[in-house]
Number of protein chains: 2
Amino acid sequence: MTGRRPTLKDVSVLASVSIKTVSRVINNDPAVAAGTARRVQAAIEELGFRPDPVARSLRVGRDDAVGLIVENIADPFMSEVTCAVEEVARERGMFVVISSAGYAPENERVVVGGLANRRVAGLILTPTSGDHSYLAAERLRFPVVFVDRPPIQYDADTVVVDNEEGARVATAHLINHGHRRIAFVGDRLHIYTTRLRYQGFRSAMARAGLPVDERLVRVDAVGPENSAIAMTQLLELADGPTAVLSANYRSSLGVVRALHQSRRTDLAHVSFDDFTGAESLDPPVTVIYQDPRRMGRQAANMLFDRINGDTSPPRRVLLPVRLIVRGSGELPPPENA
Amino acid sequence: MTGRRPTLKDVSVLASVSIKTVSRVINNDPAVAAGTARRVQAAIEELGFRPDPVARSLRVGRDDAVGLIVENIADPFMSEVTCAVEEVARERGMFVVISSAGYAPENERVVVGGLANRRVAGLILTPTSGDHSYLAAERLRFPVVFVDRPPIQYDADTVVVDNEEGARVATAHLINHGHRRIAFVGDRLHIYTTRLRYQGFRSAMARAGLPVDERLVRVDAVGPENSAIAMTQLLELADGPTAVLSANYRSSLGVVRALHQSRRTDLAHVSFDDFTGAESLDPPVTVIYQDPRRMGRQAANMLFDRINGDTSPPRRVLLPVRLIVRGSGELPPPENA
DNA sequence: AGTAGGGTGGACAACGATGTCAAAGGAGGA
DNA sequence: TCCTCCTTTGACATCGTTGTCCACCCTACT
């Protein structure tokens, strides 16, 4: 018991074979006689030998780990995606190292570099940078799969939900319940998901022949606090909205807060993306549900296929979303509207 | 442009010096003449050379990365802890690799081994296993800091919040508002945090000279669903509670759901741990707030101190919690109670 | 009997960095 | 002028693993 980890060499001495033979046994190389293999196995067990992944990485140029880069671990949607990726990786005997890029776009490149340097076998990336052409320049030695948002100036496998259709369904749902003055609350339009959801909103309004009052469109509300302010301002309008579509869970939290604080829980509301407690609110919040686990599993499976040699052209997978009716989205407009 | 990453060798050829001299420049070894250093620097820049952390790890035995192991990334409290750890690491120029152990206790050891093999310089661990004596046997070459829960059968730095005091404060708050029949809803008592919060609850009741009705203690409610069921059953009791303390955010979500579904939002409720949307509920939920960012920063700083050579005896840091009054915890008991 | 061939096993180099040690070169003193 | 000493630099081994290539031994065929 020296405190030093056993190495191939220690095993080889104990088993009276060469280092290389031990290496062969570990890698299931058939060119080892059964008796020798048994002896080596016994020595491995006795010493509790585990191959050193760092040395292996250096030699082979690849680790048995995949990287996952998220914008912010604390985002509940991405947390679920992460769990799903880990599940799939565990099934395949791979290790997942997670790293978060934060909201500074230039950070993404640093983090990608950090994981690339550590020789991950593949990468799942939630893009935050506005330009991924640097990935081509890096001549990555491993596949990359994008989740939640597509890459920009770069071509790779991508898994996204049908943001536009989801927003269209949500908006049509409100229209079907008699609403004509529908507000849209989201963060910035340069964010992919927000932009597509906004397009879906406009598209549904246009199909119903309804005008969009630009004063009811707030695509400047970053975070719950600003969304709450934006919603409060909308409520103060003389001819305010009778319904609101919030573009993501952070906006939704702000909208909900504003509605409760203003005691205007009579206003119809649909949230794009479910959030914790949405069903416990009064009224419970009707949402567009996007399945994070499915997204994670899909992305992970695509990544492992690539790692295992799939060289078909990059695919873009569009996952469906679905409306969960809970109450807030079915409130009628006031009589006099 | 070969697509191959430049190595020390490439730089040394370009700068017409030996590999070792380049290595010296990178590590700021003063024994390099200024002119040589400049030439080498220029070559480094020209090739865009970055030292390979894997090779460095192999030689030095340590990576510029620290590991963070959580039970489940999707837990919002741990997500915040994670963010804080990343912030501190970024300040110190270190990389964080996160890995989640899941709820199977035996997994913890596997994940610790995985990170140890990858030569992390230190580890922050949210323990899930019931016995950490294996850490002593592993003769880890790096320091470990425990967060949220202390280690078992092992001695190491630990950062936890004052669970018992928090629960005592919450319970006393309800008692001060006139409640005598207070229910406790949590998951299992073998979970450290639940156990201490339960002790705090009993301790506050005892101090007030109030009996604890065992039928009002539900420490068998794992997850929101079961907590909702438990709460519903409590409401059905002939002499049910007039107030409830929920032991964590998952239990709280269940309790809130049950209260809303039963239209019993008149029942007083304090949640141990804040949760998203708690302030938008009707009534807004009074909570015991434990500061995850502070916990993360504290743990990270302790870890980096250890990495930098601090060999003082292990410390246990107890972080304070605070009551956030929002409404649900101040509801009075019914008149006839 | 000699040799061809397949099944085994080992010696050696390599991955990319750093530690050890010694050599080269210039400055300064006797 | 020569020797010493210090600064600067490089050759080599090393970390733990795997790829390449070759040597050996036994069987089996000509």
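Each chain gets a letter, A, B and so on, in the order the sequences are listed, and its residues count up from 1.
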Spacing of OH belonging to A:Tyr154 relative to CG belonging to A:Leu125, to within rounding of 0.5 Å: 10.0 Å

- prompt: Taking the six-membered ring of B:Phe142, is NZ or CZ of B:Arg306 closer than 6.0 Å to its centre and within 45° of its axis?
  reply: no

statement: To the nearest angstrom, the CD1-C1' distance between A:Ile19 and D:dG19 comes to 14 Å

message: Using whole Å, what does the distance between atom C1' of nucleotide C:dA17 and atom CZ of B:Arg62 come to?
response: 15 Å

query: Would one find more than 12 heavy atoms of other residues, nucleotides or ligands at under 6.0 Å from atom CZ of A:Arg188?
result: no

Between A:Thr128 and A:Glu71: side-chain donor-acceptor atoms closer than 3.5 Å: no

statement: Partner of B:Val66 under side-chain contact (heavy atoms from CB on, under 4.5 Å), picked from B:Val88, B:Leu123, B:Ile98, B:Ile307, is B:Ile307

query: Checking side-chain contact (heavy atoms from CB on, under 4.5 Å) against B:Thr126, which of B:Val70, B:Leu68, B:Thr82 comes through?
result: B:Val70

message: Is it true that B:Asp310 and B:Ser312 share a donor-acceptor pair across their side chains at a distance under 3.5 Å?
response: yes

message: Under a 3.5 Å threshold, yes or no: a donor from one side chain and an acceptor from the other, between A:Ser18 and A:Thr21?
response: yes

task: Measure from CG on A:Leu8 to C1' on C:dA11 and round the result to the nearest Å.
output: 15 Å

For nucleotides 22-27 of chain D, list the nitrogen or oxygen atoms of the protein found under 3.5 Å from its nitrogen or oxygen atoms, one pair per line.
none

Heteroatom pairs (N/O) under 3.5 angstrom, protein to nucleotides 5-9 of chain D:
from, atom 1, to, atom 2, distance (Å)
D:dT9, OP1, B:Thr36, OG1, 2.3
D:dT9, OP2, B:Ala33, N, 2.9

field: A:Arg5 CZ - D:dG16 C1' separation (whole Å)
entry: 9 Å

Test item: B:Pro76 and A:Pro76 side chains (from C-beta on) under 4.5 Å apart, heavy atoms: no

Rounded distance (Å) that lies between atom C1' of D:dG16 and atom CZ of A:Arg50: 15 Å

- request: Ignoring backbone atoms, establish whether B:Arg56 has a side-chain N or O less than 4.0 Å from OP1 or OP2 of C:dG16.
  value: no

statement: From CZ of A:Arg118 across to P of C:dG16 the rounded distance in Å is 16 Å

Would you tabulate the pairs of protein nitrogen or oxygen atoms and nucleotide nitrogen or oxygen atoms of nucleotides 12-15 of chain C closer than 3.5 angstrom?
from, atom 1, to, atom 2, distance (Å)
C:dA14, N3, A:Arg59, NE, 2.9

- prompt: Do other residues, nucleotides or ligands put more than 12 heavy atoms under 6.0 Å from A:Arg293 CZ?
  reply: yes

message: Rounding to an integer number of Å, can you tell me how far A:Asp64 CG sits from D:dT17 P?
response: 13 Å

message: What is the distance, to the nearest angstrom, from the CD1 atom on A:Ile26 to the C1' atom on D:dG16?
response: 10 Å

field: Polar side chain donor-acceptor pair, B:Arg56 to A:Asn117, under 3.5 angstrom
entry: no

